[in-house]
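Order of the sequence lines fixes the chain letters, A, B, ..., with proteins taken first and strands second; residue numbering starts at 1 for each chain.
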Amino acid sequence: MNGKRGIDLRKKFYLTTPVYYVNDVPHLGHAYTTIAADALARYKRLKGYEVLFLTGTDEHGDKINRAAKEKGITPLELADQVVSHFQNLWKKLSISNDDFIRTTESRHIQVVSKVFQRLYEQEDIYRGTYKGWYCVPCESFWLELQLRNGQLCPECGRKAEKIEEESYFFRLSRYQKPLLDHLESHPDFVLPPSRKNEVVEFVKRGLKDISITRLKLAWGIPCPVEKEHTIYVWIDALINYISALGYGVNKDKFSSFWPADVHLVGKDILRFHAIIWPALLMALGIELPQTVFAHGWWKIKGEKMSKSKKNVIDPEEVVKQHGSDQLRYFLLREVPFGGDGNFSTPLFIKRVNSDLANDLGNLLNRTIPLVVRHCGGKVPSPTDEDKTLQEKVKKILPLLDEAMNVLSFSEALSYIWEIIKSANLYIDRCAPWKLANQEDKQKRLNTVLYNLLETLRVLALLLFPFIPVSAQKIWTQLGIEEDLGSQTLDKAHVWGGLSPGTPVKKELPLFPRIKQ
RNA sequence: GGCGGUGUAGCUCAGUUGGUUAGAGCACACGGCUCAUACCCGUGGAGUCCGAGGUUCGAAUCCUCGCACCGCCA
């Protein structure tokens, strides 16, 4: 496509993580969502899509305000500190997000304000009186009958505050029927299906209008209709998905990327994304996202991670100890995406040693030296018609694609590992170290080694979404100069991408075994 | 209390519309190989498929009841 007149026909793919709340430094759950999103984004780029991968931070609200006061700094200063934690971690985890939105940025605030104004004008928002209880730590409103012992938050058990004040309400009730219709006619709108059923049941029970402003709260986006009111932090946060596209400002960008293909969320915030968010969009007359995907939680010994139980896993620490690709691989491989999983160091070590060190790392580390020793360290020319590995790859590619299209990362990885296992078996069967001793077997030896190198080339491509740093190392050891990140998967189909004569490089093992 | 889900080898789980000796990975044991990070390849053991009843020529798979665990809501 060249210049001004060309039409960009590339398919677009827009995916998001939630904006993370900056009340604390990132934990394993944040890393999980973001790594999964990254794998998907990278895969789609390999498939030739123009991808927009958005993540960011949610920085308003009472909780931030209070936390900042305790530290004697401004809320924005607090946010700045935590944001840099997030951004550093994403860097260490090779997260390839295209944009990072902070809800304190003016590009966001403008859109939120505009959205509020418009919904008020069209009477999707009205002024009323809110009577109820509010839990500051949870940022949640409760009705009296929902409270435990008359005054405790049913979610966290802490004391809720009684509130009776003027407030603006969003007419959520208006969208009950349209939402149900949409859920019915779009089976992939909420995934996995079990979560969708929960949402449907919840909506069927009836939706009530929700209070979306608070009085006397300094740290938030002011209500454009009446400046004493501040917009509720969840409404503020959700709008990031369109403010980042320049909704109402940059029409081209917005229309080319919206609707989002996937909003990735943890199961704890599904309702905001599967009910309130689509209702807001309907009110605005904007198309709904394709899919809201809710993944599960990582548990420790079957228990939910929580600071009070002191069983929180710090992703930064895991990266420091075992490496970033190792963490990415474990999280994406160990459990089917959507369900809960158990995180433990022995499980982590077992997985990394057996899959990454033994199967993949060793495959590379036994192939390259053979090439160095018997082919002068250069990619040899294949001569006979052995298609064992080529056919294996051909068989796996469509399966892999299918798995990735439904975000089945662990299944996708297990397919890739079938190729790896085939390659290990292939070496054993062909025994190139024996061929090397027979003068009349040179051609066969060359073919065998070429097929192995070529398989490794394809593996580097396929693994790039999951373990980008290591995939690049494989790529480099194969002597390929081009940038792995700018490749497309079509090349994986074409057997023979490696040019004979290219020098390979022997390096230290990709994944050192972790000692228990 | 209501709705939904799960319960299969030591561990984590697959098992399409019910159909022959119930599968995979890891772990374990034995054998092979020696290019490689004691790795890789092969073979093997082990399961009353939660329990009880029922439908059927035939059920892990369908129905009923019970038990256990989990999720959403109240």
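Side-chain contact check for A:L264 versus A:T34: every heavy-atom pair is 4.5 Å or farther apart. Counting heavy atoms from C-beta on, the side chains of A:K378 and A:T502 never come closer than 4.5 Å.
Rounded to an integer number of Å, the gap from A:N365 CG to B:C40 P is 12 Å. Between A:E198 atom CD and B:G5 atom C1' the separation is 9 Å, expressed in whole Å. Per the geometry, CG belonging to A:L356 stands 17 Å off P belonging to B:U37, to the nearest Å. Rounded to an integer number of Å, the gap from A:N424 CG to B:C40 P is 7 Å. Between the CZ atom of A:F409 and the C1' atom of B:C13 there is a distance of 19 Å, given to the nearest Å. Across the protein-nucleic acid pair, A:H322 atom NE2 and B:U37 atom P stand 22 Å apart, rounded to whole Å. For A:K515 and B:U37, the NZ to C1' distance is 10 Å, given to the nearest whole Å. As rounded to whole Å, 14 Å separates atom C1' of B:G25 from atom CD1 of A:I420.
Here the side chain of A:K267 is nearest to one of B:C26, B:C40, B:G71, namely B:G71. The side chain of A:K350 approaches B:C26 more closely than any other nucleotide in the set B:U37, B:A36, B:C26. Listed candidates were B:C70, B:U34, B:C26. Nearest to the side chain of A:W433 is B:U34. In the set B:C26, B:G71, B:G42, the nucleotide with an atom closest to the side chain of A:S354 is B:C26. Side-chain atoms of A:L425 lie closest to B:C41 of the nucleotides B:G71, B:C41, B:C35.
Remark: B:C62 base-pairs with B:G54. Criterion, Watson-Crick or G-U wobble with two distances under 3.5 Å. The partner of B:C28 is B:G44, by the rule that a Watson-Crick or G-U pair needs both atom distances under 3.5 Å. Base-pair partner of B:A9: not found among the strands shown (Watson-Crick or G-U wobble, both distances under 3.5 Å). Of all nucleotides present, none satisfies the Watson-Crick or G-U wobble test against B:U20 with each distance under 3.5 Å.
When all heavy atoms are compared, the tightest approach of A:P315 to A:P26 is CD-O, 3.9 Å. The two residues A:L40 and A:M404 come nearest to each other via the heavy atoms CD1-O, 3.9 Å.
At the heavy-atom level, A:P432 lies nowhere under 4.0 Å from the strands shown. Residue A:R351 is out of contact with every strand shown, counting any heavy-atom pair closer than 4.0 Å. At a threshold of 4.0 angstrom between heavy atoms, the contacts of A:D340 with the nucleic acid are absent. No engagement by A:N197 is indicated, since no non-hydrogen atom pair under 4.0 Å with the nucleic acid exists. Residue A:L508 is classed as having no contact, given no heavy-atom separation below 4.0 Å to the nucleic acid.
Taking the charged nitrogens against the carboxylate oxygens, A:D384 and A:K443 have no contact shorter than 4.0 Å, which rules out a salt bridge.
Separation of the A:F337 and A:Y32 ring centroids falls under the 6.0 Å cut-off.
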